[in-house]
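Whatever order the structure lists them in is the order used to number ligands and atoms, beginning at 1. Note: hydrogens, waters and symmetry copies are ignored here, and every other heavy atom, side chains too, is used.
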Amino acid sequence: MKVLVTGAAGFIGSHIVAASLAAGHEVVALDVLLSAVHPDPAAARARLPEGVQLIEADVRDTAAVAGALQDVDVVCHQAAMVGLGVDLNDAPLYAGCNDLGTSVVLAGMARTGVRRLVLASSMVVYGEGRYDCPRHGQVAAAPRQEADLAAGRFEPLCGSCGDELVPGLVDESAALDPRNVYAATKAAQEFLTSAWARACGGTVAALRYHNVYGPRMPRDTPYAGVAAIFRSALAAGRAPLVFEDGGQRRDFVHVRDVAAANVAALNWTANASAGTFRAFNVGSGTPRTVGDLASGLAAATGGPEPVLTGRYRLGDVRHVTASSRRLRDELGWEPEVDFAEGLKEFAGSCDI
Ligand code: UD1
């Protein structure tokens, strides 16, 4: 099949291109090579395998998107602004790239008759993860109070009794509760694609990525994830600075496993019934703490031990970990990269 990968030169997109080619698909690549992400555009171009046509254009460019969609069977839409950004001045850029961009792609698909879509979504659409109160059962965690964080009380508390909550695994039936601009744009992408599927009988697999790490992860930008920040610190001989007490839980999933999930989802869109939108969490299935990540990377690099700083960011969620059962059961996907091995490889990879 012929796949259009948007954001194809990026961290995750470039691995999807490789995995799609390995699966025998033909790939068309669309990427605007944003300078914030690709300080060296020539290197980004060179990263694409030979024979892959790169269309250097913005996803908001209607004519370029229409051209890229010619003879395409399925779109894998990865192009997006990611991370928390700097401040609210970034909001128009996030909404523009992520939501206007998605609408342009969807309109182009509607016009050219392309009916299959895989969307890069994110766990951030859930907000805080799933929690149970020992007394009140499953409860929604209220945003944490600054006074609690400043006093080193990091665990979310039950709104009714004030007891500490026990974190659990979120599944795809959980309500969406986006808590920052980026999260809101990802939730909006899901709603837009779902509306598109209903309107033109399309099929959409929305992959809600957990914390993706691995080679080519962006670094040293306001948009970088914690694994890249720790790796940069260790490469400079500094200790990773762990916020809170390091006990915050995430699921760190390797980028090659995420690429494999995309390839499985591309196939799924061919057989799903017309009008279907289905979300799939994409995580390794093994929650880790940020402290585990820091010490794992320090061990892999032989660098200084992490420092627990007690610092905090008000917008951070404490724990979010998902169940990827649906992805395993329905798409037959299994993560293959072992965490320690993945960290070792990641620690040694310094490409941007
Ligand atoms: C991340 C992504 C988000 C993605 C989501 C998927 C980024 C910036 N955010 O959010 O786009 O959709 O995963 O679940 O890529 N921390 C430290 N030290 C630091 C920086 C961070 O200890 O120097 C801690 C934070 O306090 C937080 C944890 O690391 O508890 C993770 O932070 P971060 O990588 O920014 O990601 P998420 O908030 O999980």
Side-chain angles (χ1 to χ4, degrees), residues 7 10-12 36-37 78 80-86 90 94 97-98 119-130 143-144 149 152 154-156 167 169-170 174 176-187 189-190 206-214 216-234 236 238-255 258 279 281-284 287-298 306-324 346:
F11 167 43
I12 300 175
V37 189
Q78 307 292 315
M81 292 287 297
V82 299
L84 289 177
V86 182
D90 277 343
Y94 274 78
C97 290
N98 298 2
L119 172 72
S121 185
S122 168
M123 293 295 302
V124 291
V125 297
Y126 296 120
E128 276 283 354
R130 186 206 150 111
R144 296 180 295 169
L149 296 172
F154 299 119
E155 293 297 337
L169 299 181
V170 195
L176 304 196
D177 184 15
R179 294 196 176 180
N180 57 46
V181 169
Y182 169 65
T185 66
K186 282 282 144 186
Q189 281 187 316
E190 291 202 3
L207 301 184
R208 293 178 178 160
Y209 300 156
H210 234 297
N211 296 58
V212 187
Y213 76 100
R216 300 181 211 144
M217 188 171 183
R219 56 178 180 170
D220 303 336
T221 78
Y223 314 101
V226 66
I229 295 171
F230 288 169
R231 179 180 64 170
S232 295
L234 287 160
R238 288 182 273 110
L241 300 179
V242 179
F243 297 162
E244 305 186 15
D245 57 2
Q248 56 275 48
R249 286 151 56 101
R250 296 289 188 278
D251 183 325
F252 297 97
V253 59
H254 195 275
V255 67
V258 172
N281 293 336
V282 183
S284 72
R288 315 261 173 192
T289 66
V290 172
D292 289 340
L293 173 76
S295 45
L297 268 176
V307 173
L308 298 182
T309 62
R311 280 167 52 194
Y312 55 86
R313 301 185 300 197
L314 203 51
D316 273 339
V317 296
R318 174 64 173 170
H319 307 292
V320 57
T321 50
S323 162
S324 301
F346 175 59

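- In this structure, Gln189 contributes its side chain and Ala187 its backbone to no donor-acceptor pair below 3.5 Å.
- The shortest non-hydrogen separation linking Ala183 to Asn180 is N-OD1, 2.8 Å.
- Near Val290, meaning under 4.0 Å from one of its heavy atoms, ligand 1 places the atoms 22 (O), 28 (C), 29 (O).
- Residue-to-ligand polar distances place Val226 within reach of ligand 1: an N/O pair is separated by less than 3.5 Å.
- Under 4.0 Å from ligand 1, the heavy atoms of Tyr209 that appear belong solely to its backbone.
- Looking at Phe243 next to ligand 1, an N or O pair under 3.5 Å apart turns up.
- Partners of Arg179 by side-chain hydrogen bond (donor to acceptor under 3.5 Å, both in side chains), not counting sequence neighbours, listed by chain and number: Asp177.
- The Val242 neighbourhood of ligand 1 comprises atoms 22 (O), with distances under 4.0 Å to a heavy atom of that residue.
- The closest donor-acceptor contact from the side chain of His210 to the backbone of Val253 lies at 3.5 Å or more, if one exists at all.
- Heavy atoms of Tyr312 stay at 4.0 angstrom or farther from ligand 1.
- The side chain of Arg313, and not its backbone, has at least one atom closer than 4.0 Å to an atom of ligand 1 (non-hydrogen atoms only; side chain from C-beta on).
- Neither the backbone nor the side chain of Glu244 has any atom closer than 4.0 Å to an atom of ligand 1 (non-hydrogen atoms only).
- Under the 6.0 Å cut-off for aromatic ring centres, Tyr213 and His254 qualify, their centroids lying closer than that.
- Contacts between Asp316 and ligand 1, counted as non-hydrogen atom pairs separated by less than 4.0 Å, involve the side chain only.
- Interface atoms of ligand 1 facing Val124, defined by a heavy-atom separation under 4.0 Å, are 4 (C), 5 (C), 12 (O).
- Close contacts between ligand 1 and Leu241 involve ligand atoms 17 (C), 18 (N), 19 (C), 22 (O), 23 (O) [criterion: under 4.0 Å to a heavy atom].
- When atom types are taken as modelled, the side chain of Glu128 and the backbone of Arg144 share no donor-acceptor pair closer than 3.5 angstrom.
- For the residue pair Gln248/Tyr312, the side-chain donor-acceptor check at 3.5 Å is not satisfied.
- With sequence neighbours excluded, the residues that form a side-chain contact (heavy atoms from CB on, under 4.5 Å) with Ser295 are Pro306.
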